[in-house]
*Asks:* 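Just dropping this structure here.
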Amino acid sequence: MTKTPDTLRSARWFAPDDLRSFGHRSRMMQLGYAEEDFMGKPIIGVLNTWSEINSCHGHFPERAKEVKRGVLQAGGFPVEMPVLSVDEQFTKPTSMIYRNMLAMETEEVIRSHPFDGVVLMGGCDKTTPALIMGALSAGVPFIYMPAGPMLRGNYAGRVLGSGSDAWKYWDERRAGNISDAEWRGVQGGIARSHGVCMTMGTASTMTAIADSLGLTLPGASSIPAVDSNHSRMASGSGRRIVDMVWEDLTPDRIVTPAAVRNAAIVAMATGCSTNAVVHLIAMARRAGVDLTLDDLDALGRTTPLLANIRPSGSDYLMEDFYYAGGLLAMMKQIADRLDLSCITAAGTTVGENIADAQVYNDDVIRPLSNPVYAEGSLAVLRGNLCPDGAVIKPAACDPRFHTHEGPALVFDSYVQMKKAVDDENLDVTPDHVMVLRNAGPLGGPGFPEWGMLPIPKALIRQGHRDMLRISDARMSGTSYGACVLHVAPEAFIGGPLALLKTGDTVRLDLAARRLDMLVSEAELEARRAAWTPPAPRYQRGWGYMFSKHVGQADTGCDFDYLTRAHGPAAGEPDIF
Ligand code: FES
């Protein structure tokens with residue numbers, strides 16, 4: 001299973017003595033390269049998701065140089081290739097609508113170019129699943145280079161966590177408890193270096209998943225973006241991909257059912273973002289592994305939460321996690337639950353990778369005897385409101401909401417909900433269950449992160465900071481609270497959430513994993529008969545294509561024609 005210069009994929013472009021290969025060689029020479037620069041060497045695509053407006057990837061120009069240096073040192077030939085920079089903060093209506101676009105671009109860019117191997121440079125939320133989904137389908141050897149978390153936030157001596165503290169200080173501002181100057185101080189201190197959000201939000205969850213799937217250099221996901229170890233990891237990734245090409249270490253040998261299970265367990269132990277559910281299912285299915293919501297719930301019930309990092313943990317952030325030993329040390333705590341024989345991009349097994357790992361602070365990385373939360377961080381609910389599932393993050397909400405019954409307060413759109421929560425005279429009690437619908441994959445559109453519905457001002461003023469909320473939207477991985485998300489099927493396509501009315505009683509029973517509206521079946525049938533579908537959100541463009549092909553939350557929101565079920569993933573068409 002090893003490659004020789006003659007059997008490299010790139011040899012199909014450059015080796016034959018024919019007119020087409022003459023063209024390929026002559027155009028490489030036009031770029032200033034001699035034949036010995038690229039002939040017979042692994043050609044490595046460096047897929048870079050940098051842009052001037054992606055604040056999480058601001059260090060990627062430097063890292064790309066370091067990756068390419070590593071490729072050259074190991075005897076490969078690097079080719080940097082820009083791909084869509086899906087940034088979380090600025091992309092509207094939501095970055096999620098473009099995850100599948102980047103996945104498609106990644107697959108097609110790899111397939112259409114003479115790449116023998118690929119380094120994927122990503123980190124901001126959607127870039128990790130998108131790059132990996134595409135590269136899994138392309139099937140050539142690849143290694144993931146995670147952006148790394150930014151440094152801890154700081155304002156007036158207080159530690160600030162991405163997202164989580166923005167929500168907290170915003171509630172205090174709405175309650176009239178902090179000044180304009182303090183608010184601007186938080187604004188200037190909450191994101192103070194390059195790198196991804198440094199809570200255990202979606203970005204750090206997804207890079208931890210990539211790491212535990214075996215797709216990075218071991219432990220790479222924990223290294224802060226601006227640490228010099230990060231630069232060394234970048235050049236190390238460049239060196240390693242060249243060897244992966246010679247070893248023909250293709251992704252199907254790494255992303256196996258056992259590796260997916262490892263990644264799901266690790267995700268639960270980190271206190272992962274709810275978004276992990278959607279992306280892990282989508283990535284697994286690209287690899288031909290049929291991961292389901294029920295599989296994840298079963299692992300969630302038996303995996304303790306060990307990483308004491310916000311928002312599930314109380315004090316610490318990703319920088320603390322790295323200093324405490326990082327992901328490898330945490331994996332060692334749960335080693336007996338993992339398949340240690342899984343091979344990783346490093347060419348070593350998971351067992352070998354964690355053999356020497358140590359915990360340096362057992363308040364940050366907890367032992368099994370003292371977990372942050374006895375069960376994993378996610379639970380999957382079913383019931384007459386969500387027959388195809390919904391998710392909740394029990395560790396990140398007030399335990400009194402784990403069992404709750406109250407009247408629904410239903411909003412049909414984000415605009416309607418936003419106006420209502422700012423109404424100081426809104427008729428709402430702490431027992432109410434706030435509902436936002438038409439915010440799923442098709443309704444949002446694009447499955448936006450609106451699921452952490454703001455607590456109504458009327459309750460904020462009374463000192464309340466949590467209440468039960470339900471939506472078919474997602475929420476940011478840095479969010480928290482009693483939020484039931486990803487209700488499937490979504491209301492926009494006639495899921496039962498569309499039938500709920502303000503005043504209906506809703507019941508959540510976390511222990512039984514149930515979410516129901518206490519409405520008779522006859523009444524629901526009458527409402528169903530009266531329901532009319534809303535007009536489609538898009539008539540043209542990407543949104544139109546997205547609407548025609550996107551799946552629901554429980555299947556990972558991939559396009560129907562891109563999943564492995566639609567056909568063999570890796571097989572290359574005859575491109576010559
Ligand atoms: Fe990029 Fe949070 S905004 S990771």
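The basis for the numbers below is simple: all heavy atoms, side chains too, and nothing from hydrogens, waters or symmetry mates. Order of appearance sets the numbers: ligands from 1, and atoms from 1 within every ligand. Along the sequence shown, the residues carry numbers beginning at 1. Note that the coordinates shown come from a computational prediction; the quantities given were computed from them, not determined experimentally.
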*Asks:* Determine whether the side chains of Ser273 and Thr205 contain a donor N or O and an acceptor N or O closer than 3.5 Å.
*Replies:* no

*Asks:* Between Arg173 (side chain) and Trp183 (backbone), is there a donor-acceptor pair under 3.5 Å?
*Replies:* no

*Asks:* Should we count OH of Tyr323 as having more than 12 external heavy atoms under 6.0 Å?
*Replies:* yes

*Asks:* Among residues two or more places apart or on two chains, list those pairs meeting salt bridge (Lys or Arg N to Asp or Glu O under 4.0 Å) that have a residue in residues 124-153.
*Replies:* Glu88-Lys126, Lys126-Glu449, Arg152-Glu319, Arg152-Asp320

*Asks:* Using only heavy-atom distances, determine whether the side chains of Arg63 and His57 contain a donor-acceptor pair under 3.5 Å.
*Replies:* no

*Asks:* Any donor and acceptor pair, going by atom type alone, linking the side chain of His486 with main-chain N or O of Gln552 inside 3.5 Å?
*Replies:* no

*Asks:* Using 2.8 Å as the cut-off, note every protein N, O or S atom close to atom 2 (Fe) of ligand 1.
*Replies:* Cys197 SG

